[in-house]
Amino acid sequence: MAIPDEDVAAVRAATDIVALIGEYTPLKRSGRRFVGLCPFHSEKSASFSVNAEEGLYYCFGCQASGDPITFLRAIEGCSFVEAVETLAARAGVAIRTDALGGNREERDKRQGLYDAMEKAVSFYHDRLLSHPDAARARQYLRSRGLEADTVKRFKLGWAPEGGNQLVRALKVPAAALAGAGLVVQGNYGPRDAFRGRLIFPIFQPDGKPVALGGRLVPGIGDGQGPKYRNSPETPIYQKRSTLYGLNLSRQQVVQTGEVIVCEGYTDVIGFFRVGLGRAVATCGTALTEDHFKLLSRFARRVVLAFDADGAGQSAAARFYEWEKRHELEVAVADLPAGEDPGELASKDPDRLRKAVEEARTYLDFRLRRVLSGGDLKSPEGRARLAEAALAVVAEHPNELVRDQYLNEVADTTRIGVEQLRPRLVSAVASQQAGVGRTTRKGAGVPAQEPRHEDDWRGGPPPSPAGPRRKPAPTPGQRAGRDALSLAIHEPAAMAGRLDASLFADPVQKEAFAALASAENLHEAIESAGDTAGELLVELANVDPSISPDQAVVALVRTAAVEMLIELEAEVRAAQQAEDAERILTTAPEIAWIKSELELFSDVGAGELAPIAVTEAAARLVAWLTQRRAGADGSEHEQSGVARTSS
Ligand SMILES: [Zn+2]
C-alpha cells in the first residue's frame, strides 16, 4: 500500500459514508442503520444497508460490501489511490502524497492536464464575466435568456479572438496546454485552440474539468470554422464516455432515478432553467453504450430529448439491447417538431416540462410517428401503414410487448388483429435474419446473441454482477452468525464468553479470531482473509435479532452436540481397538456433556435462557476451549481418525 495506513484510516474515519453513498442512491434511516436501493444492482426493494457508525455498507442482494474507499472504487471505477485522494480532498484530510505509488510519470502527466484545464476554465470564465472584449458575448447570452447566475453555475467562458491570449496569460507548461488540447501549433508558434468562441466547460461527474466546447457567437469574428468545436480526445477526456452536465445533474438524477439526455450544451442549460436539473448532453457524438453504462449507475430511466427517430432502425436495435443489458428504461420526450429544448426553455417553459412529463417509451414514440403520418382514407393506404407500423413493432425483442402494440396498430388501421399477427411474426423473422447486417453496419452496436423472448426482464441474470444467491445456513452457521453479529454490535456483552473453537464454520472461525485479536472492527476486517472480512462487513449491517445470552447458548449447544458426536465415535473406535483406558477417560466426558445439554433441551430457539442454562453454557465453553486446544495439539491425529470413522 503506497499511502501510509494511518492516513488511509484517517480518511476513512473522516468520511461521512451516508453522505457519500447518498449521492448515488437515496438512503433512509432504519433503526441504527441506513437503507436504500442498491446502486450496484437493479432492484425494487431496498436491500442495501449502511452502518454509519462503522462506515461500512453491505448489499443483501448482490453482496457488494466494504467501506467508503471500496465504494468509490467500485462505483467510479477508480484505483485505490485515486479513491483515497478523492475522499481525502472531500473530507479535508491531508495525506502524505510523497508516498503515493503507481506510475508516477503517468499520474503527474494527467495531473498536469487537469491543472491546465482548470486554469483555462477559470481564465475564460473571468474573461466572460468582466472583460470588455466579452461585452457582445454577454449581450448575446442575455438575449437568449442566460443570466449571470446560469453563466456562473455552468462556468461558461469567453475565448478572446486574439491568437495566443490563453498561452500568454496562463503560467502552465506548453506541453500540458497542448496535451489538454488548449493550444495548437501555428506557423508562428503555439496558438489558442479556441478563439472568439463562447466556452462551455465539460466536467467529469466529480467536478473536474476535462474538455471544452466552443460555440461561435453570431456577429462576432468572421464565423471561422464550424458552429461548435470541441476539445480533441486527451488522456483525461474520452467523448464516448463523457456527458456534459452530469457533474451538476447527478444529485437530481439520483433522487428522481431519471436522466434527460439531449444533444446540445444549451439544451442542458435550458432544462436546468425550467427546474429540470437532471439533464446531460453527449459531447458531439451519438449516444454510446459507454454513456448508458455510466448513466445506469445513477438512473433507472433515460428520457431522450432530441429527435430520436433520426437514427432509425439500427439505433432502435441498440437502444433495446442496452435497455436490457443495463436495466434502464428508454423513453422519448414529447417535444414539438423542430423545437430544441434550449429555445423552448425561453419560449415556453411549461411546454418543455410537459414534454418530459409525457415522455413515451421508445417503441410507443416510434409507432406514433409512423401511425400519425399515414394515409387512412384508402384500404391500400391503411395496408401500407399497417406494414410500416408492424416493421417498427417487430424491432422490439419481447413478444409480450410486441403483442400489446399490435392492438394499437389494429385500432388505427382498422385491420383485424388476427390478420396482422402472422404478418408481425414474419416481420420479426425477417428482422432477426437481418440483425447481423445491421450489427456490422451500425457503429458501436454490440454483437447480438440470438434473441431470447423471455429474457427481456426478470430472466436469470446473465451478468456476473447480478444478484447471487447464497445457500441457506445450517443451524450451526446460523448460531455462529448471531454470535459474531453480537460480538460486533455489543462487544461488551459478549466479552470473554466466546472462543474461536466454538465456530465450526471455518470462515466464521477466522472472522471471530480476527475480531478477538484486533483493536477495532476495521482492523479485524483488514487482518481477516477476504471472505471472513466480507462476512464481518455484512454482519456490521445486520441488526442482532437475539440477545447475547441466547446467542451464546445457541452457539455452545451446536458446538457441544458436535463434540458429543466426535466423542461417541472415539469411544466406538476405542472399543474396536480394545483400548480400555481411552474408553474409561472418554465415557465420563460424554456423560457430563449429555447432562449439561439436557439443561438446554427445554429452551426453544429465540427463548430467553434461565440462569442455570447460561451458566452451563459458560462451563461448556471453558471445557470445549480446553478440549479443542488439546485436539489441535497432541491429540490432533486421534481426533482426525475419530472424525473419519463417525
Ligand atoms: Zn446490490
Side-chain angles (χ1 to χ4, degrees), residues 1-15 17-18 20-21 32-34 38-41 47-84 87 464-465 467-471 473-474 476-491 494 498-544 551 555:
M1 197 182 298
I3 304 175
D5 286 353
E6 26 326 352
D7 286 6
V8 173
V11 167
R12 211 183 263 131
T15 297
I17 194 170
V18 174
L20 173 73
I21 295 178
R32 290 152 69 170
R33 295 174 294 119
F34 289 81
C38 177
F40 297 110
H41 85 275
S47 50
F48 189 83
S49 163
V50 180
N51 178 328
E53 288 153 52
E54 297 287 359
L56 296 168
Y57 66 91
Y58 185 81
C59 173
F60 294 90
C62 70
Q63 280 83 45
S65 71
D67 61 19
I69 300 168
T70 329
F71 181 83
L72 208 58
R73 290 188 63 180
I75 202 133
E76 295 289 357
C78 58
S79 71
F80 177 84
V81 171
E82 283 168 337
V84 176
L87 293 174
R468 287 181 275 140
R469 282 260 160 264
K470 282 183 171 178
T474 63
Q477 284 170 327
R478 208 173 307 130
R481 273 177 70 91
D482 286 335
L484 263 177
S485 160
L486 280 157
I488 292 169
H489 292 279
E490 297 179 37
M494 299 301 275
L498 296 176
D499 184 84
S501 63
L502 296 172
F503 295 86
D505 181 285
V507 175
Q508 292 181 354
K509 192 195 288 282
E510 189 188 344
F512 179 81
L515 200 57
S517 58
E519 287 279 316
N520 57 46
L521 180 57
H522 281 278
E523 209 179 274
I525 291 166
E526 240 153 62
S527 69
D530 281 353
T531 317
E534 273 168 31
L535 177 65
L536 288 171
V537 176
E538 177 188 346
L539 293 176
N541 283 288
V542 178
D543 292 330
L555 186 64

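One-based numbering along the sequence shown. Note: hydrogens, waters and symmetry copies are ignored here, and every other heavy atom, side chains too, is used. All values reported here derive from a predicted model rather than from experimental measurement.
Taking the six-membered ring for Trp and thresholds of 30 and 60 degrees, Phe48 and Phe40 have ring planes inclined between 30 and 60 degrees apart.
The distance from the OG1 atom of Thr70 to the CZ atom of Phe80 is 8.5 Å, given to the nearest 0.5 Å. Rounded to the nearest 0.5 angstrom, Phe34 CZ and Ile21 CD1 are separated by 11.0 Å. A distance of 8.0 Å separates CE in Met494 from CG in Leu555, rounded to the nearest 0.5 Å. Between Leu484 atom CG and Leu498 atom CG the span is 8.0 Å, to the nearest 0.5 Å. Rounding to the nearest 0.5 Å places CG of Leu20 at 5.5 Å from CZ of Phe71. One finds the CD1 atom of Ile525 at 10.0 Å from the CG atom of Leu535 (value rounded to the nearest 0.5 Å).
In this structure a side-chain-to-backbone donor-acceptor pair under 3.5 Å is present from His489 to Val542. Side chain of Tyr57 to main chain of Ser65: a donor-acceptor pair is present (N/O by atom type, distance under 3.5 Å, no hydrogens or angles).
Annotation for Ala518 and Ala524: closest pair CB-N, 3.5 Å, computed over non-hydrogen atoms. The shortest heavy-atom contact between Ser49 and Phe60 is CB-CE1, 3.9 Å. The minimum heavy-atom distance linking Cys62 with Cys59 is given by the pair N-SG, 3.1 Å. For the residue pair Ala528 and Gly533, the shortest heavy atom distance occurs at CB-N, 3.8 Å. Residues Pro491 and Ile488 come closest through the heavy atom pair CD-O, 3.5 Å.
In summary, of the residues considered (Leu539, Val537, Asn51, Leu56), a side chain to side chain contact (heavy atoms under 4.5 Å, CB included) with Leu521 occurs for Leu56 alone.
Salt bridge status for Arg33 with Asp543: present, with a side-chain N to carboxylate O gap under 4.0 Å.
The stretch residues 50-71 participates, sequence neighbours left out, in these salt bridge (Lys or Arg N to Asp or Glu O under 4.0 Å) pairs: Arg12-Asp67. Residue pairs meeting the ring pair (Phe, Tyr, Trp, His ring centres under 6.0 Å) criterion with at least one partner in residues 518-538, sequence neighbours excluded, are absent. Here side-chain hydrogen bond (donor to acceptor under 3.5 Å, both in side chains) pairs that include residues 504-519, with residues two or more places apart or in two chains, are Gln477-Asp505.
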